[in-house]
Number of protein chains: 2
Amino acid sequence: MISTSSQFSNRSQGYRPGAAAFPASPTPALDCRDLETQLPEAKAGQRRELKPGESLFLQEDRIDSVYVLLEGWAFRYQDLKDGRRQIVDFALPGDVVGLNEAANAPYGIEALTGCVFACYSRKSFFALVGRQPAMGLALVQMLARAEARAIEHLTSLGRRTARERVAHLLLELVTRLNRLNLAADSKSLDLPLMLSHVADALGLANETVCRCLSSLRKDGVLVLRERRLKVLDLRRLTEEANLSEVEDDETAVTAAPVRRFAA
Amino acid sequence: MISTSSQFSNRSQGYRPGAAAFPASPTPALDCRDLETQLPEAKAGQRRELKPGESLFLQEDRIDSVYVLLEGWAFRYQDLKDGRRQIVDFALPGDVVGLNEAANAPYGIEALTGCVFACYSRKSFFALVGRQPAMGLALVQMLARAEARAIEHLTSLGRRTARERVAHLLLELVTRLNRLNLAADSKSLDLPLMLSHVADALGLANETVCRCLSSLRKDGVLVLRERRLKVLDLRRLTEEANLSEVEDDETAVTAAPVRRFAA
DNA sequence: CGTTAGGTTGACGACGATCAATGACGGTGG
DNA sequence: CCACCGTCATTGATCGTCGTCAACCTAACG
């Protein structure tokens, strides 16, 4: 192989030189976590706390509430009869679960870290959101981003190689965490993921994920160890991810992060 | 080959003997096509007609309208730079596209058959839907079904074998067409799909799809030839599909079809 | 008829799954 | 303190599913 690990610095500089001029973010600087801080009548919303590994609900459970994830990471998954598991997506603070589903959920939700959810009845959730136009807009845009992610995820599983899938998922998570201001800095952040989570999200075996990560490390793209991800070469990572033809500026790592109200 | 076409009848009988007692469908007997028939003020909605292979919009196009598919089949897809294509889902009459997306769509929509769409501005669409509670409910349930399909699709690509994927997709389409009363009978129906569509939807090569279909035919499960699908053994097909742990009754083939208003 | 698009089948190889062994780490109890 | 254990990460060896390449077939059409 080619020696790859000796020249990080010249790569990590200069990513997207033109990106300094990215447009001012048109997204409202709030998300559904702000229901509570914005609207006093939302205070009634009950809390639900989960420890890592606990479930918010199970596949087939009846869902009558809407949950806003306030803190922590969770994931949606679907199990097959033979024990195979597919992780559908990861939920980060500000994400809403239980919104679209009628009657019985076709999937379960499990906490990855300690989680805090705000619980609303469907009716009161919509009433609250409707009370503030900016909140409705934020919700619609959040759902649109979730759908875009779902489609990219589908494309990953259908048409990307193992290495591309791993790169793509990590890039997605870096992007989302940066948007939320949850990254230590824009290149280094904590991911509460085990290999098996990545594998179950990407339709791969643990060993394959491990090999891809080793190989990406060997090539100087990133380092993922002990729940900590360092992106060494963001441009390379973006190339490795093999994004769809046209990638929204919205989803670029450099997008303006959400500014929190009442921090 | 083995002769496969000689014994349909004994198989197609007797599927789910207990299913005669399936509950009365709680779903409202209408979908977004009924916006026009139900609400005179919706007549203003413009039409857009597409021939097979034409695009409603392309990946990256700016979407400002909501489209209700009135007739025909279409599909959403995403392309990678290297030319690989992933079909995200198929749209059937009554489905709505352009609803969730903010700004630029991360995918394109292409007509599979001749298609007729009703076009609404986002605002007027929501205004119309809001005018009739049953319509809002129908819309929410349609979206919930679409999401459930998306998750099953994701699970297919991530965790099902090629044969399972093919069986699963065909079962899904049979189910949807039956619900819409678009099947000649419940076991035989027209699918305007080429091998490449199935392959692109399932993340497989054309040849692999072809082999799976041959093998399913050899095993007496189904016959797909010349755009016509005959399900010979629905129970077997369901097993082959390797459904997720708990399958909603809602999605069973035997579910009550939508009753159309003002046919 | 020739041409083309799509479907079918075979041969072969590659990517990733599986199986297995080992290592690193943290917790627990002696 | 250290042996013991369980969990998870890592690496190697081997195997199988499915992708790729190629040839051929069929039907539609000009």
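Proteins get letters first, then strands, A, B, ... in listed order; numbering begins at 1 in each. All of these numbers come straight from a predicted model, not from anything done at the bench.
Residues that satisfy the side-chain contact (heavy atoms from CB on, under 4.5 Å) test with Glu239(A), not counting sequence neighbours, are Arg235(A), Arg236(A). Annotation: side chain to side chain donor-acceptor pair (under 3.5 Å) contacts of Asn206(A) (sequence neighbours excluded): none. Here Ala162(B) pairs with Leu204(B), Thr208(B), Cys212(B) under the side-chain contact (heavy atoms from CB on, under 4.5 Å) rule; sequence neighbours left out. Looking at residues two or more places apart in sequence or on another chain, you find a side-chain contact (heavy atoms from CB on, under 4.5 Å) between Ala183(B) and Asn178(B), Leu189(B). With sequence neighbours excluded, the residues forming a side-chain contact (heavy atoms from CB on, under 4.5 Å) with Glu54(B) are Leu50(B), Lys51(B), listed by chain and number.
Here Arg176(A) pairs with Glu172(A) in a salt bridge; the nearest charged N to carboxylate O distance falls below 4.0 Å.
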What pairs of nitrogen or oxygen atoms, one from the protein and one from nucleotides 12-14 of chain C, lie under 3.5 Å apart?
none

Pairs: protein N or O with nucleotides 26-30 of chain D N or O, under 3.5 Å:
none

At under 4.0 Å between heavy atoms, which parts of nucleotides 7-22 of chain D does protein reach? Answer with one letter per nucleotide, 5' to 3': B base, S sugar-phosphate only, - none. -SSBBBB----SBBBB

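Among residues at least two apart or in separate chains, salt bridge (charged side-chain N to carboxylate O under 4.0 Å, His left out) pairs with a member in residues 156-165 of chain B are Asp200(A)-Arg159(B), Glu152(B)-Arg160(B), Arg163(B)-Asp219(B), Arg163(B)-Glu240(B). Applying the ring-ring contact (aromatic ring centres under 6.0 Å, His included) rule to pairs touching residues 200-242 of chain A yields nothing, sequence neighbours excluded. Within the structure, salt bridge (charged side-chain N to carboxylate O under 4.0 Å, His left out) contacts touching residues 83-93 of chain A (residues at least two apart or in different chains) are Arg76(A)-Asp89(A), Asp79(A)-Arg85(A), Arg85(A)-Glu110(A).
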For residues 190-198 of chain A, tabulate all N or O donor-acceptor pairs below 3.5 Å that involve a side-chain atom, not counting sequence neighbours.
from: Asp190(A); atom 1: OD1; to: Arg228(A); atom 2: NH1; distance (Å): 2.4
from: Asp190(A); atom 1: OD2; to: Arg228(A); atom 2: NH1; distance (Å): 3.1
from: His197(A); atom 1: ND1; to: Met194(A); atom 2: N; distance (Å): 3.1

